[in-house]
Amino acid sequence: MLKGKKGIVAFTVGALLVVAIAYGGYISSQSPASDRQLAASGDPGAKLRITLDPQNFQGNVREAYEVAEKDPALLAQLHCYCGCDKTDGHKNLLDCFRDTHGSTCAICCGEARDAESMASRGMAIEQIRDALRARYSHGS
């Protein structure tokens, strides 16, 4: 067993190595390559289910991530009006919940929660799109 400064250095290097390996595994699980692997798994809906865990958030943000997890097909059909299509390359509202963007954007969370509410009342997707556009297209 190493003693003194050599022991402390060895322990610190070992601990940093463990953290680096764990962090690398987390990053790779969040990467686009991981998305492609899941999509290639043969399940056509696999890519639609890739969202962050709602349990990582609280309040309205958690509710929005729960909507994304529960009904990704709904959000994939909707445009996000916060401008993330231009700034982050998002293609639809679901993309906001694939990363942490949705957790910091009231527009994304509002749209997701409103869309789920309207869908649960039986509104057609075209009506939901129109309602979201009317409410959020001006940044409010």
Side-chain angles (χ1 to χ4, degrees):
M1 185 151 198
L2 297 175
K3 294 183 180 181
K5 288 183 182 178
K6 286 183 182 179
I8 292 171
V9 170
F11 176 78
T12 303
V13 169
L16 289 173
L17 184 59
V18 168
V19 169
I21 291 169
Y23 182 72
Y26 170 78
I27 292 299
S28 67
S29 73
Q30 301 298 315
S31 71
S34 179
D35 290 357
R36 287 190 296 276
Q37 289 169 344
L38 285 172
S41 70
D43 180 359
K47 188 170 173 72
L48 291 177
R49 288 191 296 274
I50 301 170
T51 60
L52 296 184
D53 185 351
Q55 299 304 313
N56 293 331
F57 308 100
Q58 297 177 356
N60 292 339
V61 173
R62 177 181 283 185
E63 290 175 17
Y65 276 88
E66 287 172 345
V67 170
E69 181 180 63
K70 181 176 77 177
D71 198 353
L74 171 66
L75 300 192
Q77 297 178 69
L78 301 171
H79 179 74
C80 181
Y81 290 99
C82 79
C84 60
D85 56 335
K86 294 173 182 66
T87 60
D88 298 328
H90 290 175
K91 305 286 186 220
N92 54 55
L93 184 57
L94 180 62
D95 285 346
C96 303
F97 302 97
R98 294 178 189 268
D99 58 28
T100 58
H101 172 77
S103 69
T104 61
C105 183
I107 293 173
C108 299
C109 288
E111 283 190 67
R113 293 172 61 238
D114 288 351
E116 192 272 334
S117 175
M118 290 183 267
S120 71
R121 293 191 312 260
M123 287 180 73
I125 191 67
E126 295 81 12
Q127 293 173 307
I128 295 171
R129 283 189 195 119
D130 291 344
L132 294 178
R133 184 179 312 110
R135 180 165 186 188
Y136 294 100
S137 67
H138 304 294
S140 57

Answer whether the closest heavy-atom distance between the side chains of E116 and E63 falls below 4.5 Å. no
Spatial distance of atom OH (Y81) from atom SG (C105) [nearest 0.5 Å]: 14.0 Å
Distance col, row K91:NZ vs H79:NE2, nearest 0.5 angstrom, shows 11.5 Å
Exam field: side chain R129 to backbone Q77, donor-acceptor pair closer than 3.5 Å: yes
Rounded to the nearest 0.5 Å, the OH atom of Y136 sits from the CG atom of L93 at a distance of 10.0 Å
Heavy-atom closest contact (A134 atom, H138 atom, distance): O-CD2, 4.3 Å
Could you measure the distance from the OG1 atom of T51 to the CD atom of E66? Nearest 0.5 Å is fine. 10.5 Å
In short, V61 meets S103 closest at the heavy-atom pair CG1-CA, 3.6 Å
H90 and C80: CA distance, side-chain angles, deciding distance, side chain to side chain contact (heavy atoms under 4.5 Å, CB included) verdict: CA-CA 8 Å; H90 290 175; C80 181; over 6 Å; no
Between the CZ atom in R133 and the CD1 atom in I128, the distance rounded to the nearest 0.5 Å is 12.5 Å
Is any side-chain heavy atom of L52 less than 4.5 Å from a side-chain heavy atom of F57? yes
Are side-chain N/O atoms of Y65 and N56 paired as donor and acceptor at under 3.5 Å? no
If I compare all heavy atoms of G102 with all of F97, which pair ends up nearest, and what's the gap? CA-CE2, 4.1 Å
Is the count of non-hydrogen atoms from other residues, nucleotides or ligands lying under 6.0 Å from Q55 atom CD greater than 12? yes
Side chains of S117 and R113 only: does a donor on one sit below 3.5 Å from an acceptor on the other? no
What is the minimum heavy-atom distance between A115 and L75, and which atoms define it? CB-CD2, 4.3 Å
Between the side chain of D95 and the main-chain N/O of R98, is any donor-acceptor distance below 3.5 Å? no
N92 side chain to L94 backbone, donor-acceptor under 3.5 Å: yes
Where do M123 and D130 land on the side chain to side chain contact (heavy atoms under 4.5 Å, CB included) test, with the steps shown first? CA-CA 11 Å; M123 287 180 73; D130 291 344; over 6 Å; no
Does any part of the side chain of E111, heavy atoms only, come nearer than 4.5 Å to the side chain of C96, both counted from C-beta? no
Would you compute the distance between atom NE2 of H101 and atom OG1 of T87 and round it to the nearest 0.5 angstrom? 6.0 Å
Taking the side chain as every heavy atom from C-beta outward, state whether T104 and T100 have any pair of such atoms under 4.5 Å apart. no
